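We name chains A, B, ... by the order of the sequence lines, and we start the count at 1 in each one. These numbers come from the heavy atoms of this one structure, side chains and all, not from hydrogens, waters or symmetry mates. No experiment lies behind these values; they were computed from the predicted model shown.
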2 protein chains.
Amino acid sequence: MTSHNRTPDTEPDTQPGTKGRAVWREITDFMRNDLSDGYYQPGQALPGESQLADFYRTSRPTVRKAIAQLAAEGLLTVSHGRGTFVRHRPDRRLITIEHGNGPRADLLSPAYDLRAAGWEPVSVPSDAAREGIEHLQPLTHSCGVEAAGILGVRSSHTVVYRFAFWQHTKTRARIYLDSNTLAEHVGTLEGQGIDRHFIPDAEPVDYYAHLADKHGPLNWTTTVHAEMPTGDTIEDLRMEPTGTPVLVIRRVMLSHDGRPLEFTEIFAPADRFEATSSHDHGSSNAAADYAVLSL
Amino acid sequence: MTSHNRTPDTEPDTQPGTKGRAVWREITDFMRNDLSDGYYQPGQALPGESQLADFYRTSRPTVRKAIAQLAAEGLLTVSHGRGTFVRHRPDRRLITIEHGNGPRADLLSPAYDLRAAGWEPVSVPSDAAREGIEHLQPLTHSCGVEAAGILGVRSSHTVVYRFAFWQHTKTRARIYLDSNTLAEHVGTLEGQGIDRHFIPDAEPVDYYAHLADKHGPLNWTTTVHAEMPTGDTIEDLRMEPTGTPVLVIRRVMLSHDGRPLEFTEIFAPADRFEATSSHDHGSSNAAADYAVLSL
DNA sequence: CATCATTTGTGCGTATGTATC
DNA sequence: AGATACATACGCACAAATGAT
């Protein structure tokens, strides 16, 4: 039994279902109001589905629909066998996008000291489906449509792909990172058909220097968007089962004449991370005196 | 009748439900594979729910659950009376976050020429619930917990709030913008209790100059995160009913000693917009030679 | 450790409403 | 007007997870 017991007297407004609106939508609105009013506090358990069904004079499937909607909005967390709980307000860590002149750090380089930054590599459930392929191991393969679009090539083009899952040591929040480099810039392809194989010219640690040598001075573009997790992403990143988008941060490395050479992306649960944009104050004493959002 | 007719022969793999996994999850995976394999093309209608139920030898509610999941992942769009369709791959417009030295533009200033930038103001369904409050009209009120957290004040603090809904003239994509200014910096509060009222020192057009005079040189911080739409947001921004996050871009104006004075935010459907970070090349001839993602 | 009550998850059948073409 | 498609709502039964006893 939950600690509190709602009675119709304490409930605001009238009974739902009177108008043409669907009953479950009415209940959704009632409950959402109760949440924003603070009638239910973060972390608190809601009454059981059966109790809510009795209270709203409807059936359990209808209440479940309303709860599912609020969970999809990120307001509730439903836990099998335990109950339904009010989600805590997200407390997000910053991922900084920094542009400037100076030393660079490739997150996916073996030289990058992730532990010093508070992270550790982790294995994830979907590793089981990737027989023998280890994190950060360079993998040469045909890129998908997504990567092809970014790199400006056809989707059969060969890229060197590296990836890793990291977990923040303290918060245990997880992210996924990967890097896609056009294969022809860091090695050569020999042979045809099944015999086709890749001979690297450089090791991952030296990719940046190698590319800068051939195509520099380099340019960079960074974008941020969001999408809903699909497939194994929720388990791999240990996300809430519903109601949490994935923040996708992409950094594209361009040659001096604007051709894409490589891109690195970070996938992070949007309830635990946000991106922030800054610029290098070290190289110039004058701080920026404006920040424009252009559409 | 849809143009194609799936038969068990053309279906990959085996029948679902044999293992411990839920049937609807199995079906979700089957269908997701069919989508990524290109068996179903973007824009194409899927077979009806009853047909799918027959095909997978299950009931319509179970198929509906699978379809609902894929819609929540942003892969399908369900349309009452018409059918279920494969969503097109998102084509996103850029919202540029630009830092540098030079002239600034306040998106919510009456002086901003939105039409020249390809936008027009629109009224939205939820206007009906905001009796008499017009877009861009400065409104003095107690700020909520969200704004209070950003501005570093308590949630009863008085702020000047302005907002607007814009629609892109060509794509008809919509965004919501608002600005929250700490009231004491642009006017004075007089009286107590019900008689309490706000006397402005400056007009919205002059807010920037006014604040820069008193607190400059100003600093700026910009962040990007994502959340799921709630309440009227889906209708107001004409978003897909499910499976689309909202991208939230916030720009905080800080006094020279780091106190928040104002913040502007943009809410944009994440399937139609992405944020990109750049810096002012005009003020310095040297392009940035690196872009770091710091965690 | 086993058992039990509670709570959510899954699946089906059925009926009816409503939007679209 | 009719056919087709998705939407809503209810009832029922049983499974599975959890936490307390």
Side-chain angles (χ1 to χ4, degrees), chain A residues 1-6 15-29 31 40 44-72 76-87 234-235 240-243, chain B residues 1-6 15-31 40 44-72 76-87 234 240-243:
Chain A
M1 185 72 188
T2 51
S3 59
H4 77 288
N5 209 335
R6 298 180 78 189
Q15 287 296 322
T18 48
K19 286 171 290 186
R21 291 235 304 160
V23 175
W24 73 265
R25 287 188 194 277
E26 295 286 325
I27 297 176
T28 302
D29 288 345
M31 295 179 69
Y40 297 121
Q44 183 183 346
L46 265 59
E49 293 172 354
S50 308
Q51 283 179 60
L52 287 172
D54 289 344
F55 176 77
Y56 286 112
R57 298 167 179 278
T58 182
S59 63
R60 191 159 84 97
T62 302
V63 164
R64 276 178 65 78
K65 179 83 176 157
I67 290 173
Q69 173 61 30
L70 294 171
L76 297 178
T77 293
V78 185
S79 180
H80 190 174
R82 297 206 302 135
T84 302
F85 302 86
V86 182
R87 249 186 240 193
I234 288 179
E235 289 81 37
E240 294 278 348
T242 58
Chain B
M1 185 72 188
T2 51
S3 60
H4 77 288
N5 207 334
R6 298 179 78 187
Q15 287 296 322
T18 48
K19 285 170 291 185
R21 291 237 304 158
V23 175
W24 73 264
R25 287 188 193 276
E26 294 286 325
I27 297 176
T28 302
D29 289 345
F30 277 112
M31 295 179 69
Y40 296 121
Q44 183 182 345
L46 265 59
E49 293 172 353
S50 308
Q51 284 179 59
L52 287 171
D54 290 345
F55 176 77
Y56 286 112
R57 300 168 177 278
T58 183
S59 64
R60 195 159 85 91
T62 302
V63 164
R64 276 179 65 78
K65 179 86 175 154
I67 289 173
Q69 173 62 29
L70 294 171
L76 297 178
T77 294
V78 184
S79 182
H80 191 171
R82 297 205 305 135
T84 302
F85 303 86
V86 182
R87 253 187 235 191
I234 288 179
E240 295 279 346
T242 57

What's the closest nucleotide to the side chain of [X] if the choices are [options]?
{"X": "B:Ala22", "options": "C:dT10, D:dA7, D:dC10", "answer": "C:dT10"}
{"X": "B:Glu49", "options": "D:dA9, D:dC6, C:dT10", "answer": "D:dC6"}
{"X": "A:Ser59", "options": "C:dT8, D:dA7, D:dA9", "answer": "D:dA9"}
{"X": "A:Arg82", "options": "D:dT8, D:dT18, D:dG11", "answer": "D:dT18"}

Reckon [X] has a side-chain N or O less than 4.0 Å from the OP1 or OP2 of [N]?
{"X": "A:Thr58", "N": "D:dC10", "result": "yes"}
{"X": "A:Arg25", "N": "D:dT8", "result": "yes"}
{"X": "B:Thr84", "N": "D:dC6", "result": "yes"}

Note to self: Taking donor-acceptor contacts at under 3.5 Å, does the side chain of A:His80 reach the base of D:dA16?
What the structure shows: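 Indeed there is one.
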Can you find a donor-acceptor pair, distance only, under 3.5 Å between A:Arg60 side chain and C:dG9 base?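 Pair found.
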Figure out the [atom1]/[atom2] separation between [X] and [N], and round it to whole Å.
{"X": "B:Leu46", "N": "D:dC6", "atom1": "CG", "atom2": "P", "answer": "9 Å"}
{"X": "A:Asp54", "N": "D:dC10", "atom1": "CG", "atom2": "C1'", "answer": "14 Å"}
{"X": "B:Lys65", "N": "C:dG13", "atom1": "NZ", "atom2": "P", "answer": "18 Å"}
{"X": "B:Ile27", "N": "C:dT10", "atom1": "CD1", "atom2": "P", "answer": "12 Å"}
{"X": "A:Phe85", "N": "C:dT7", "atom1": "CZ", "atom2": "P", "answer": "11 Å"}
{"X": "B:Leu52", "N": "D:dA5", "atom1": "CG", "atom2": "C1'", "answer": "12 Å"}
{"X": "B:Arg64", "N": "C:dG13", "atom1": "CZ", "atom2": "P", "answer": "16 Å"}
{"X": "A:Arg21", "N": "C:dA19", "atom1": "CZ", "atom2": "P", "answer": "14 Å"}

Side chain proximity check, [X] to [Y], heavy atoms < 4.5 angstrom:
{"X": "B:Leu76", "Y": "B:Arg87", "answer": "no"}
{"X": "B:Ile234", "Y": "B:Glu240", "answer": "no"}
{"X": "B:Tyr40", "Y": "B:Pro47", "answer": "yes"}

message: Is it the case that the side chain of B:Thr62 and the backbone of B:Thr58 share a donor-acceptor pair, with hydrogens and angles ignored and the cut-off at 3.5 Å?
response: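 Checked: no pair found.
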message = Using heavy-atom distances to pick each residue's nearest nucleotide on DNA chain D, tell me which of B:Ser50 and A:Ser79 is more 5'.
response =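 Nearer the 5' end of the strand: B:Ser50.
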Nearest 0.5 Å, please: how far is NZ in A:Lys65 from OG in A:Ser59?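 Reported to 0.5 Å precision, the distance equals 12.5 Å.
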